[in-house]
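Beneath this line is the structure, given in structure tokens, with notes to follow.
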Number of protein chains: 2
Amino acid sequence: MTSLMQKIKDVLPQLSEAEGRIGDYVLENPEAVPHMTTKELAQKSGVSEATIIRFCKSIGIGSFKSFKLALMKDLTLTDTSLTDFSVLNKKDSPYDLFHKVIHVNKSAIESCADSMDRKELAKAVEAIQYANKIVFFGVGGSSTAAVDAQYKFTKLGYHSITSLDFHYMLSIIPHLTENDVFVAISTSGKTKDVLELTRFAQRKGATAIAITTLSKSPLYKEADIRLCTPNVEQDFRIGSIPSRMTQLTVIDTLYMSIFHHVGEKVLQQYYDARSEMENLRR
Amino acid sequence: MTSLMQKIKDVLPQLSEAEGRIGDYVLENPEAVPHMTTKELAQKSGVSEATIIRFCKSIGIGSFKSFKLALMKDLTLTDTSLTDFSVLNKKDSPYDLFHKVIHVNKSAIESCADSMDRKELAKAVEAIQYANKIVFFGVGGSSTAAVDAQYKFTKLGYHSITSLDFHYMLSIIPHLTENDVFVAISTSGKTKDVLELTRFAQRKGATAIAITTLSKSPLYKEADIRLCTPNVEQDFRIGSIPSRMTQLTVIDTLYMSIFHHVGEKVLQQYYDARSEMENLRR
DNA sequence: GCTGTTATGAAATTTAAATTCACTATTTAG
DNA sequence: CTAAATAGTGAATTTAAATTTCATAACAGC
């Protein structure tokens, strides 16, 4: 059993009746689905087309097209690829673990393509591009992405802010306006601190961009723009290892996109910074 | 070179001017094409949509959809991996950049396997395992890895320290002893701040672990233990995007390895932390 | 029993792929 | 050297697929 199929099996009990019927059909006829249209699959599993789309989102994939692609990949890779650390072994040496880490991280980054919605991405780039201030916030494992983002956007000349301190953030947000962007980073989308600050920022008029998994979480529902990360396996042992990689991939994309727009303008500043760094021999 | 790509090359001379332009574009950006629509590919190769369809038929494929599928299959088989953003294109949309970022990050992580020395890794794990304090230091793009590491090892119950502030670090290091570990993170291995602190830590008796590229850099030469990251392409535009991924992969490996050793002991603390978090509904 | 929420499909909209058609440039036949 | 034939092209259209919106029905909580 491969990862996507397993995933469907796992969530099957939580699905609604109609979505469950789709799941059943897909599990029984996986090789047929990649060539179908929503209409066909809808007919065959006895639901409406709209429910097909909803089914895709329920299993954490952003579009029907991506779903078909992921399923196809799943079927061709007979490789018993582990995408999590379930097969951790007592005898594993650090070097063995190293290769597992490589594998998990690579898989996580690969699956980013499944959950991202290109329209939302375009909206996010647009919002950031014209932003006055950009505030990033993430706690726990997601703070890494926030810190990284803050650094990158500062380099691009933005007024870019982050802090791990909830109370510090509370003092920042009142100054936000509709020209500003608040980027909330939370894998689960349920983190209370993140939610509260996001709502606060929205009340001040800022655009709330969420970097979170595709799910029915409050953050997902309430954000103005959603950049979805895939539902990579979570395990207490590995904590947020793979989900951090997916968050950073999203951040990198935003950075590259903005650079692409403002790049010419900041190039001189880049060179300035570099030559000054060389002068100081740092 | 594989079948489809080769096929395109073969027929290229026989194609008409406009179709030839498509062929050129596809050969230059094969990994970008599978995510495009006819419209996009038409724009980027400077032809009309109709010509895209005709191009597909010219190379013996019945539809644009099939063409994309075939190309994708082709690419997964061979790895024509670009490991840099050299193929950045003026017309790239955020979604295009997203796929390039995925590709670059994936490649970077993959190539980690090439540069890591298993003995050095074992030594590093050994040193950290019995360490009293662990200090991480990285500046610029490498600070992300330091921050991430500090958080991870704190979760494991270590006295784990990092700061971006050179002077703060100066006040930390005098307290290090031979039971402590100083982890220096620098892609180039030449960063002055990192070097100075590393030497200082070594003078105090701490074991210096370097996470750096395999090169003749001072950091590489002077460190007690070397964990090498691959020499991924550096580019002013992308800064440290791929090298940050490789650093994090090394950090993840250290974390997993240590967890593997001390795991049983800290499991209870993990559960404590989680249930308390749930109590506080954070 | 009312109210708010969730699940659902029908219909409308949006988006992508493919086709048609008209125009141009070039070649070929007379 | 001209006229007809032909190939190559993109604009506009058609067709088809994916996605969103909206109204309704079922249900849970009060």
Side-chain angles (χ1 to χ4, degrees), chain A residues 11-26 32-72 114-123 214-218 220-222 224-226 228, chain B residues 11-26 32-72 93-96:
Chain A
V11 299
L12 206 51
Q14 287 134 51
L15 294 178
S16 68
E17 200 198 311
E19 289 183 20
R21 282 208 293 281
I22 303 170
D24 289 339
Y25 184 88
V26 172
V33 177
H35 311 290
M36 292 185 179
T37 65
T38 49
K39 204 183 213 168
E40 283 179 295
L41 182 55
Q43 271 177 2
K44 302 226 167 123
S45 32
V47 301
S48 72
E49 291 177 57
T51 305
I52 301 291
I53 306 291
R54 282 190 288 258
F55 169 81
C56 295
K57 312 242 171 183
S58 290
I59 60 171
I61 288 180
S63 75
F64 182 59
K65 240 165 135 184
S66 299
F67 171 67
K68 287 196 290 188
L69 281 171
L71 190 58
M72 206 177 316
D114 298 339
S115 48
M116 178 64 73
D117 183 299
R118 75 192 292 164
K119 278 186 229 155
E120 294 289 297
L121 176 60
K123 274 160 68 181
L214 183 41
S215 69
K216 287 171 188 165
S217 70
Y220 178 84
K221 275 189 214 138
E222 297 176 25
D224 299 310
I225 300 172
R226 295 170 255 266
C228 293
Chain B
V11 299
L12 205 51
Q14 287 130 54
L15 294 178
S16 68
E17 198 198 314
E19 290 185 21
R21 282 208 294 278
I22 303 171
D24 288 340
Y25 184 88
V26 172
V33 176
H35 314 288
M36 291 185 180
T37 65
T38 49
K39 203 185 210 167
E40 284 178 297
L41 182 55
Q43 269 177 5
K44 300 210 172 141
S45 33
V47 301
S48 71
E49 290 177 59
T51 305
I52 300 292
I53 307 293
R54 283 190 287 259
F55 170 81
C56 295
K57 315 245 170 179
S58 290
I59 59 169
I61 289 179
S63 75
F64 182 60
K65 240 165 139 183
S66 305
F67 170 67
K68 287 196 292 188
L69 243 66
L71 190 58
M72 205 178 316
S93 69
Y95 198 65
D96 293 329

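Quick note on labels: first sequence line is chain A, next is B, and so on, each numbered from 1. No experiment lies behind these values; they were computed from the predicted model shown.
In the set C/dA18, D/dG10, C/dT8, the nucleotide with an atom closest to the side chain of A/Arg54 is C/dT8. When each of D/dA17, D/dT19, D/dG10 is scored by its nearest atom to the side-chain atoms of A/Thr37, the top-ranked nucleotide is D/dA17. Of the candidate nucleotides C/dT8, D/dT9, C/dT15, C/dT15 has the atom nearest to the side chain of A/Lys119. Closest to the side chain of A/Lys216, out of D/dA17, C/dA7, C/dT15, is C/dA7.
Not counting sequence neighbours, the partners of B/Ser48 by the side-chain hydrogen bond (donor to acceptor under 3.5 Å, both in side chains) test are B/Thr51. For the side chain to side chain contact (heavy atoms under 4.5 Å, CB included) test, residues two or more places apart in sequence or in another chain that qualify with A/Ile225 are A/Glu120, A/Lys123, A/Ala124, A/Ala127, A/Thr207, A/Ile209. Under the rule for a side chain to side chain contact (heavy atoms under 4.5 Å, CB included), the partners of B/Pro94 that lie at least two apart in sequence or sit in another chain are A/Leu121, A/Val125, A/Ser257. Here A/Ser45 pairs with A/Ile22, A/Tyr25, A/Leu41, A/Val47, A/Ile52 under the side chain to side chain contact (heavy atoms under 4.5 Å, CB included) rule; sequence neighbours left out. The side-chain hydrogen bond (donor to acceptor under 3.5 Å, both in side chains) test applied to B/Ser63 returns B/Ser66, not counting sequence neighbours. Take A/Gln43 and apply the side-chain hydrogen bond (donor to acceptor under 3.5 Å, both in side chains) test, not counting sequence neighbours, and it matches no residue. Applying the side chain to side chain contact (heavy atoms under 4.5 Å, CB included) criterion to A/Cys56, with sequence neighbours excluded, gives A/Phe64, A/Phe67. The side-chain hydrogen bond (donor to acceptor under 3.5 Å, both in side chains) test applied to A/Asp117 returns no partner, not counting sequence neighbours.
Atom CD1 in B/Ile52 sits roughly 19 Å away from atom P in C/dT20 (whole-Å rounding). Note: CD (A/Gln14) to P (C/dA7) measures 12 Å, nearest angstrom. Separating the CD1 atom of A/Ile53 from the P atom of C/dT13 is a distance of 18 Å, rounded to the nearest angstrom. Straight-line distance from the CD atom of B/Glu17 to the P atom of D/dT9: 7 Å, rounded to whole Å. Between the P atom of D/dA7 and the CG atom of B/Leu15 lies a distance of 16 Å, rounded to the nearest Å. With rounding to whole Å, B/Lys65 atom NZ is found 7 Å from D/dA17 atom P. Distance B/Glu19 CD to D/dT9 P: 6 Å, rounded to the nearest Å. As a whole-Å value, the separation of A/Met36 CE from D/dA18 C1' is 16 Å.
Remark on the helix from C/dG1-D/dC30 to C/dG30-D/dC1: inter-end axis angle 10°, axes from five-pair C1' superpositions, rounded to 10°.
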Practice item. Take A/Met72 and B/Met72 through the test side-chain contact (heavy atoms from CB on, under 4.5 Å) and record every step on the way to the result. Key: CA-CA 11 Å; A/Met72 206 177 316; B/Met72 205 178 316; over 6 Å; no
Review point. Which is it for B/Met36 and B/Lys44 under the side-chain contact (heavy atoms from CB on, under 4.5 Å) test, yes or no, and what are the steps along the way?
Key: CA-CA 10 Å; B/Met36 291 185 180; B/Lys44 300 210 172 141; 3.9 Å; yes
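Within residues 55-64 of chain A, the residues that place at least one heavy atom under 4.0 Å from DNA chain D are, in residue-number order, A/Lys57, A/Ser63, A/Phe64. Using a 4.0 Å cutoff on non-hydrogen atoms, the parts of residues 38-51 of chain A near DNA chain D are A/Thr38, A/Glu49, A/Ala50, ordered by number.
The two residues B/Leu12 and B/Gly20 have their closest heavy-atom pair at CD1-O, 3.9 Å.
Within the structure, a side-chain polar atom (N or O) of B/Lys68 is placed less than 4.0 Å from OP1 or OP2 of C/dA17.
Among pairs with a residue in residues 13-26 of chain B, those fulfilling salt bridge (charged side-chain N to carboxylate O under 4.0 Å, His left out) read B/Glu17-B/Arg21, at least two apart in sequence or across chains.
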